[in-house]
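Have a look at the structure below before the remarks.
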Amino acid sequence: MISITFPDGARREFEPGVTGLDVASSIAKSLAKKALAMELDGVETDLSEPIGRDARLRFVTRDDTAEALTLIRHDAAHVMAEAVQELFPGTQVTIGPAIENGFYYDFYRADPATGAAMPFTVDELPVIEAKMREIIARNAPFTKSVMSRDAAKARFAALGETFKVELIDAIPGNEDIKIYNQGTWFDLCRGPHLPSTGLVGTSFKLMKVAGAYWRGDSNNPMLSRIYGTAWLNDKDLAAYLTMLEEAEKRDHRRLGREMDLFHFQEEGPGVVFWHAKGWSLFQSLTAYMRRRLAEDYSEVNAPQVLDKVLWETSGHWGWYRESMFQVQSAGDEADDKRVFALKPMNCPGHIQIFKHGLKSYRELPMRLAEFGMVHRYEASGAMHGLMRVRGFTQDDAHIFCTDAQMAEECMKINDLILSVYADFGFDEIMVKLSTRPEKRVGSDALWDRAESVMTDVLAKIAAESNGRIKTGINPGEGAFYGPKFEYTLRDAIGREWQCGTTQVDFNLPERFGAFYVDADGSKKEPVMIHRAICGSMERFLGILIENFAGHFPLWLAPVQVVVATITSDADAYAASVHKKLVKAGFRAEVDLRNEKINYKVREHSLAKIPVILVCGKREAEEGTVAVRRLGSQANTVKPFVEALAELAEEAVPPDVKRARDAD
RNA sequence: GCCGCGGUAGCUCAGCUGGUAGAGCAUCGCAUUCGUAAUGCGAGGGUCGGGGGUUCGAAUCCCUUCCGCGGCACCA
């Protein structure tokens, strides 16, 4: 007999070889019906798996939402693959995992006549989805069989499934080759699966098709990927689809147009035309960042166009030459034969500033900041609104310090980054350490040193935040010249954005021959720390637009107040109210048009103006205003001086408020 | 860059299998002075992304190019 221990501590004896389903049935019929899979000694397994030893067992049911969804989505991927092969014989299957909110499967379909790749189109999705529903209705059981490597390869090779054969070759030698059948269809898979296809349910939808490289490598052929979403019930599916619609409504590209913030056009692919209101946001953000840097940093400005020798020295020419904008004049002077590049980053410029004149150890750490405009020729398919552009402004800084100061500087940067994010309401932050990549510059000794310091700092960040900040490691994701911390924040609708970064760099100072004079009079190489908080100001603004859905807090709103009249009797009064607002430092407009107040309220509400001050005859006589706030139908009439004081207080940026309250 | 899809008035979109452009909103003009999410009437506005081809005839079909969208790859 074997002994099974349940999560509540209860223990029961069973015959060896009993399956999970048998165990569930022995407990309750309802449990056998509800169970989707089981966890045996912490490993998720099929319910049909025979149990041969003493074990801890936990059943996974639909109530275990996250686990149940992963199972359902994974199985939905298999069902989709069966549907595709039934509809389009000869299509090769590859991999099909569960992902956040759904699943995908990558296929390779070739035109039978020409042999050319024939990717799926969206028009085919309804047909595939209908076939999936048929397969689910058949409710065939998933059954697992283990077979030898050679037998499995032969089986898939016979079907012409060359990608699957490659996958089998990639499975480590000590692992079983598992095949899952659903009816007559089968697939190579590590499992586990639901008891049968019917349990996938009907709350799914195929969403889109996309190209995806085989094994994620752009040198490999491109497969055709179909994405789907799947949920436990129709209500969750509907909620997810609604959420997508909501996300679309706050898309910064859409709001940028609707709110007249910026635009793009053909002649400037990937570069932003900032309109007055968008530029106001940009300026507010920059002014905020400058205040935050005032205490510890010196702001500098390095040239936009520099001889390529600087980029050769830094190593960027070798690494990123293809993505740099080269600049040359059309003249024939000797100078015009030189090759210049638009700066893709600020570090070489800052090193020149550091190198200009002798630097003493007493001057370290030297923190040079720049709101530097950089240009990178991004791949055409990479561009995405403000989020990925070819010309952007980094809130960049380079800290030159001694080896001994490095850890403390990293912590200082960490505190600043977290404090900045908090000012915009971002409290859920993740910090990951990216370690040395395969292709890199510098000796292993330097990398060892940098990584060891950063590992310690990461532990300290985690410890000091009391677990509020999540930390992790991204192996091999570091920059070519050094390891880095990457700061990821979560926005109002749960999406994650990687923004800040801290990079410890022993390499560039060496390559550029930067040094300082130490206490003993010797030349020493400084450590250079690259850091950005917003990352790209353009992108950070895109994130803010989406996070606030255009409803900016008063201190950021491009137009903070609109004074709107009801009749022309109030024109003079409204104009004086407007004038006082502007004098008090508000970004305010006045609307004296001969339109009904309903019309004006609607228009300014749609423009997401935070405050409308309505002035009619009554207000003009009494020196009051009717305050209407965005997002509320209510309006409160109060003396203008009172409203002005209240709004002035609200419009104080969070950092200024904090500094003031600290006094 | 790669795969798929798209580009018609400032915006959102219609225009079926080729017969030489249409709506709503916005804009402009006139009337209306109306107390918290659309006042009425009228007018103007497009070489249908660019180039080439097929055709008696192309927004519609074909080729090519640019730009965008969704992914993939990339992200110093």
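Each chain gets a letter, A, B and so on, in the order its sequence line appears, and its residues count up from 1.
Between A:R628 and B:G35 there is no side-chain polar atom (N or O) within less than 4.0 angstrom of OP1 or OP2. Look at A:Y599 and you won't find any side-chain N or O under 4.0 angstrom from OP1 or OP2 of B:C25. Dashed line: the shortest gap from a side-chain N or O of A:N598 to OP1 or OP2 of B:U36 is not under 4.0 Å. Put simply, A:R257 has a side-chain N or O that comes within less than 4.0 Å of OP1 or OP2 on B:U12.
For the P atoms, the distance from B:A9 to B:G22 is 14 Å, rounded to whole Å. For the C1' atom pair drawn from B:U20 and B:A26, the interatomic distance equals 28 Å after rounding to whole Å. Across B:A21 and B:C13, the matching C1' atoms stand 14 Å from one another, rounded to whole Å. When the P atom is compared between B:G53 and B:C67, the two are found 24 Å apart, to the nearest whole Å. For B:U12 and B:G49, the P atoms lie 14 Å apart once the distance is rounded to whole Å. Nucleotides B:G24 and B:U36, compared at atom P, are 29 Å apart to the nearest Å. The separation of B:C28 from B:G45, taken at their C1' atoms, amounts to 10 Å, rounded to a whole angstrom. For the P atoms, the distance from B:C16 to B:C75 is 45 Å, rounded to whole Å.
Residue-level contact check: A:A564 touches neither bases nor backbone, having no heavy atom under 4.0 Å from any strand. Using a 4.0 Å heavy-atom distance criterion, A:K600 is classed as making no nucleic acid contact. Here A:I566 lies in heavy-atom contact (under 4.0 Å) with a base. Residue-level contact check: A:R618 touches the bases, meaning some heavy atom is under 4.0 Å from a base atom. The residue A:E322 sits apart from the nucleic acid: no heavy atom pair falls under 4.0 Å. A:N635 comes within 4.0 angstrom of a nucleotide base, judged by non-hydrogen atoms across all strands. Among the protein residues, A:L223 comes within range of no part of the nucleic acid, since none of its heavy atoms lies under 4.0 Å from any strand.
If you run side chain to side chain contact (heavy atoms under 4.5 Å, CB included) between A:I429 and each of A:I417, A:T488, A:L489, only A:L489 comes through.
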Using a cutoff of under 3.5 Å, can you pull out all pairs of nitrogen or oxygen atoms linking the protein to nucleotides 64-66 of chain B, with atom names and distances?
unit_1, atom_1, unit_2, atom_2, d
B:C66, O2', A:E266, OE1, 3.2

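Using a cut-off of 4.0 Å between Lys/Arg side-chain N and Asp/Glu carboxylate O, A:E129 and A:K131 are scored as not salt-bridged. Ionic pairing of A:E496 and A:R490 is present here: one or more N-O contacts between side-chain nitrogen and carboxylate oxygen are shorter than 4.0 angstrom. Between A:E477 and A:R436 there is no salt bridge, since no side-chain N of the basic residue sits under 4.0 Å from a carboxylate O of the acidic one. Comment: A:R253 does not engage A:E546 in a salt bridge, judged by the lack of any side-chain N to carboxylate O separation of less than 4.0 angstrom.
Within the 6.0 Å centre-distance limit, the rings of A:F88 and A:F120 are counted as a close aromatic pair. Within the 6.0 Å centre-distance limit, the rings of A:W231 and A:Y240 are counted as a close aromatic pair. Ring pair A:H375/A:F392: centre-to-centre distance not below 6.0 Å. The aromatic ring centres of A:F480 and A:H316 sit less than 6.0 Å apart. A:F273 and A:F262 have their aromatic ring centers separated by at least 6.0 angstrom.
As a whole-Å value, the separation of A:E621 CD from B:G35 C1' is 13 Å. Here B:C67 presents its P atom at 14 Å from CZ of A:F273, a figure rounded to the nearest Å. Atom CD in A:E124 sits about 14 Å away from atom C1' in B:C3, given to the nearest Å. For the pair A:Q265 CD and B:C67 C1', the interatomic distance rounds to 11 Å; values are reported in whole Å. For A:M207 and B:G70, the CE to P distance is 13 Å, given to the nearest whole Å. For the pair A:D260 CG and B:A26 C1', the interatomic distance rounds to 13 Å; values are reported in whole Å. Atom CZ in A:F120 sits about 17 Å away from atom C1' in B:G70, given to the nearest Å. Rounded to a whole Å, the CZ atom of A:R390 is 11 Å from the C1' atom of B:C67.
The side chain of A:T121 lies closest to B:G4, out of B:G4, B:U36, B:A37. Set against B:G68, B:C3, B:U39, the side chain of A:M383 has B:G68 as its closest nucleotide. Minimum atom distance to the side chain of A:E595 is reached by B:U39, of the listed B:U39, B:C5, B:U33. When distances are taken from the side chain of A:Q633 to each of B:C34, B:C11, B:A37, the shortest belongs to B:A37.
The partner of B:G70 is B:C3, by the rule that a Watson-Crick or G-U pair needs both atom distances under 3.5 Å. Across all strands shown, B:A43 is found opposite B:U27 as a Watson-Crick or G-U wobble partner, with both distances under 3.5 Å. Under the Watson-Crick or G-U wobble criterion, with both distances below 3.5 Å, B:A76 is left unpaired in every strand shown. Base pairing annotation: B:U36 forms no Watson-Crick or G-U wobble pair, as no partner gives both donor-acceptor distances under 3.5 Å. B:G18 is unpaired under the Watson-Crick or G-U wobble criterion, no partner having all donor-acceptor distances under 3.5 Å. Partner assigned to B:G57 is none, using Watson-Crick or G-U wobble distances below 3.5 angstrom.
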Checklist entry - Which parts of nucleotides 71-76 of chain B does protein reach within less than 4.0 Å, heavy atoms only, written one letter per nucleotide 5' to 3' as B for base, S for sugar-phosphate only and - for none? => result BBBBBB
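If you find the closest nucleotide of RNA chain B to A:R253 and to A:S568, the one lying nearer the 5' end belongs to A:S568. Projected onto RNA chain B by closest heavy-atom contact, A:S380 and A:A634 fall at different nucleotides, the more 5' of which corresponds to A:S380.
A distance-only check finds a donor-acceptor pair linking the side chain of A:N507 to the backbone of A:V441 [under 3.5 Å].
Minimum interatomic distance between A:V625 and A:A643 (heavy atoms only, all atoms of both residues): CG2-CB, 3.8 Å.
Contacts of A:W279 classified as side-chain contact (heavy atoms from CB on, under 4.5 Å), with partners at least two apart in sequence or in another chain: A:W274, A:F282, A:Q283.
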